[in-house]
Protein chains: 2
Amino acid sequence: MNPPSNSAPDDEERGPVLGWQAQKSASTRTQITEAAIKCFVEYGYSRTTTTLIAEKAGLSRGAMLHHFPSRLAVVRAAVEHLHSKRLRAFRKSVTKPSSDGDHVRQGVEAYWSHVRHPMFVAFFELAVAARSDKELASILRPAQEAFEREWHQAAVDVFPEWRGRGEKFDLALDLSRYVLEGMAISFLTHKETERDQRVLGYLDEKIRELAGLPKLTSESGRK
Amino acid sequence: MNPPSNSAPDDEERGPVLGWQAQKSASTRTQITEAAIKCFVEYGYSRTTTTLIAEKAGLSRGAMLHHFPSRLAVVRAAVEHLHSKRLRAFRKSVTKPSSDGDHVRQGVEAYWSHVRHPMFVAFFELAVAARSDKELASILRPAQEAFEREWHQAAVDVFPEWRGRGEKFDLALDLSRYVLEGMAISFLTHKETERDQRVLGYLDEKIRELAGLPKLTSESGRK
DNA sequence: TGAAAAAGTCAAAAATGATTGAAACCGGCT
DNA sequence: AGCCGGTTTCAATCATTTTTGACTTTTTCA
C-alpha cells in the first residue's frame, strides 16, 4: 500500500501529531464503518453481515475482524461515525447563509434535504432495528438524543426573533419534524408526486403563520 | 385437541360449508399467522424465525412446516391475514357513527388510533424490511396499495360535502397521513408528551380550515 | 382402516468469532 | 547503509452456532 498518499474517503479527524504511517491506516477503520453504513442503506440492518461489510470495504473478513473484533463493534463505530457525519452535514446546511433571507424556507429546505439523504436512511434502519434490539438501542440512544438537542438548538438559532413565544414555536418544530420525516419515510417505498410539493409549500405557509411573519405573496411554486 | 370449540383467536373467514372438522383445523393456520404477526411486533421482521413462530403459536416446528412449507409461505399468509384484519378494523372505526357529528375529529382520531395499534407496527416492520427485500416487497405491495385505496375512499365517504374541491382535499389527506404516521413512527422509539396533543389539535384545526368548516370554539383540550 | 395433523430427526447452508500465519513497517543498532 | 526484533496490518482457515427445509414417524379423528 501507500500510506502517505492515501486514497481513502476524505473524512477522518486529522490528529495534529499522528505521525506513524501505521496509525494513519486508521483510515481503514473509517473505510470499514463507511462500508457498513452503505450496507445498512443497501441491504438493511439485519442483512448487513460481516462478510458483506468486508466485501464492500475491499478487505478480507479476517482483516476487518482485526480492527473490530466483533460485528457489534463495527456497528458501534458505524453509529458513532454516522452520527458525527450527520451532525456536521446538518450544521453546515443550517448555517449556510440563506440565499434570500427567507429563514422559514431555508430551515424547511435544509431538513427536507437532510431526511432525503442516504445518511437518514441508514439512521432510520438502525432506529427501526433498535426497536426490538435493546443492545442496539443502548448504542443508538445517545447519538439520537444528541442529534435532537442539536436540531432544537439549530431551530432556536435560525429564528432568534421567536424567543419567548414557546408554545407556538414548539408546535411549529414538532409539526415540521413529523411532516418531513413522515414524508421521507413514505418516500422510501412510494415515489414522490407533485402533490407532495404542495405539502411542503403548505408547511412553509403554516410555519410563517405560527411565527407571525407576513405571507409570501406569489411564490406558490417551490423548485 | 378439540376441533369443535376452538380456542383460537376470533377471525377466519367462516366458509359456509366447510364441514370436516379436519378442515376446521385450518384455524391452526390462523394461529400460526397471528403468531407470526406478534413476532414481527415483538422481535422485528428479520429476527422472526420459523422456530420462534412455531413456539409462539404453541406448535412444533415440524407441525408448522406441514401447513406452510417454507418461511416465506408463512410470511405470505401473515401479510394477507394482517391486511384483511387491518382493513376490517379501519373500516369499522371509520364507519362508526361519530359521537358528536364532528367528522374531522372522528377521522383524525380513527387514523390516529389505527397507527398506534400493534397491527400498524407489524405492517411497518414489513414495509421497512421490504425496502431492501424485493421478494417481500412484491408480496407486500398489493396489500399496501389496496389499503391506500381504501383509505382514500374512506376519506371521500367521511367528507361527502368536499366533492369537487380536489386540491385542498388531497392536501388535507396528505398532511394528515404524514403527520399521523410521522408521529406514530416517532413514538415507536420516543415517548409521547403533552406537546403532541397540541399537534393533533392543530391538525384538526387546519383540516377544518381547508374544508371551509367553522372553527371549533372552546375545545382546545383533546382527551 | 386410512388420511390428515402433529411431532421429531437430519443434513445443508450461512454467519460468527477465534486462531494461526504471512507481509509490511517502525525503531534501533552495528 | 544494512540487518534485526517487535509491532501492526492483512489474510486464511477452523469450529461453533443458528436457521432452514426435507424427511420420517407418531397421533388423532372421521
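What you see is a predicted model, and the numbers here were worked out from it, not measured in a lab. Sequence lines set the chain letters: A, B, ... in the order given, protein chains first and strands last, and positions in each chain run from 1.
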Enquirer: To the side chain of B:Thr49, which of C:dA6, D:dT19, D:dA22 is closest?
Expert: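 Selected nucleotide (nearest to the side chain): D:dT19.
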Enquirer: Using the side-chain heavy atoms of B:Leu65, tell me which of these nucleotides is nearest: C:dT16, D:dA11, D:dA22.
Expert: D:dA22
Enquirer: Without decimals, in angstroms, what is the distance between A:Leu52 CG and C:dA15 C1'?
Expert: 12 Å
Enquirer: How long is the line joining CE of A:Met64 and C1' of D:dT9, in whole Å?
Expert: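 Distance check: A:Met64 CE to D:dT9 C1' gives 15 Å.
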Enquirer: Do A:Glu34 and A:Lys56 sit within salt-bridge range, that is, some charged N less than 4.0 Å from a carboxylate O?
Expert: no
Enquirer: Quick one: side chains of residues 68-76 of chain A, donor-acceptor pairs under 3.5 Å with protein atoms, not counting sequence neighbours, listed by atom name and distance.
Expert:
from	atom 1	to	atom 2	distance (Å)
A:Ser70	OG	A:Leu72	N	3.4
A:Ser70	OG	A:Ala73	N	3.2
A:Arg71	NE	A:Thr48	O	3.4
A:Arg71	NH1	A:Tyr45	OH	3.4
A:Arg71	NH2	A:Tyr45	O	3.3
A:Arg71	NH2	A:Thr48	O	3.0

Enquirer: Classify the ring geometry between A:Phe169 and A:Phe159 as parallel (under 30°), tilted (30 to 60°) or perpendicular (over 60°).
Expert: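 Ring orientation of A:Phe169 relative to A:Phe159: perpendicular.
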Enquirer: Rounded to the nearest Å, what distance is computed from the CZ atom of residue B:Arg61 to the P atom of nucleotide C:dT9?
Expert: 13 Å
Enquirer: From the set D:dA11, C:dA7, C:dT16, return the single nucleotide nearest to any side-chain atom of A:Ser60.
Expert: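 Of the candidates, D:dA11 comes closest.
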Enquirer: In whole angstroms, how far is the C1' atom of D:dT19 from the CZ atom of B:Phe68?
Expert: 19 Å
Enquirer: In whole Å, I'd like the distance from the CD atom of B:Glu55 to the P atom of D:dT20.
Expert: 13 Å
Enquirer: Between P on C:dA13 and CZ on B:Arg71, what's the gap in Å once rounded to a whole number?
Expert: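 The distance from CZ of B:Arg71 to P of C:dA13 comes to 19 Å, rounded to the nearest Å.
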Enquirer: Are OP1 or OP2 of C:dA6 and a side-chain N or O of B:Thr28 less than 4.0 angstrom apart?
Expert: yes
Enquirer: Where the side chain of A:Ala63 is concerned, which of C:dA18, D:dA11, D:dG21 is the nearest nucleotide?
Expert: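 The answer is D:dA11, which lies nearest to the side chain.
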Enquirer: Could you work out, with salt bridge (charged side-chain N to carboxylate O under 4.0 Å, His left out) as the rule, every residue matching A:Arg47, not counting sequence neighbours?
Expert: none
Enquirer: Tell me whether the centres of the aromatic rings in B:Tyr111 and B:His114 are closer together than 6.0 Å.
Expert: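 Yes, ring centres under 6.0 Å apart.
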Enquirer: For the side chain of B:Leu59, starting at C-beta, report the closest nucleotide among D:dA22, C:dA7, D:dA11.
Expert: C:dA7
Enquirer: Taking CD1 from A:Ile53 and C1' from C:dA14, how many angstroms apart are they, rounded to a whole number?
Expert: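 Result: 15 Å.
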Enquirer: Would you mind reading off the distance between B:His66 atom NE2 and C:dA4 atom P, rounded to a whole angstrom?
Expert: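 Between P of C:dA4 and NE2 of B:His66: 8 Å.
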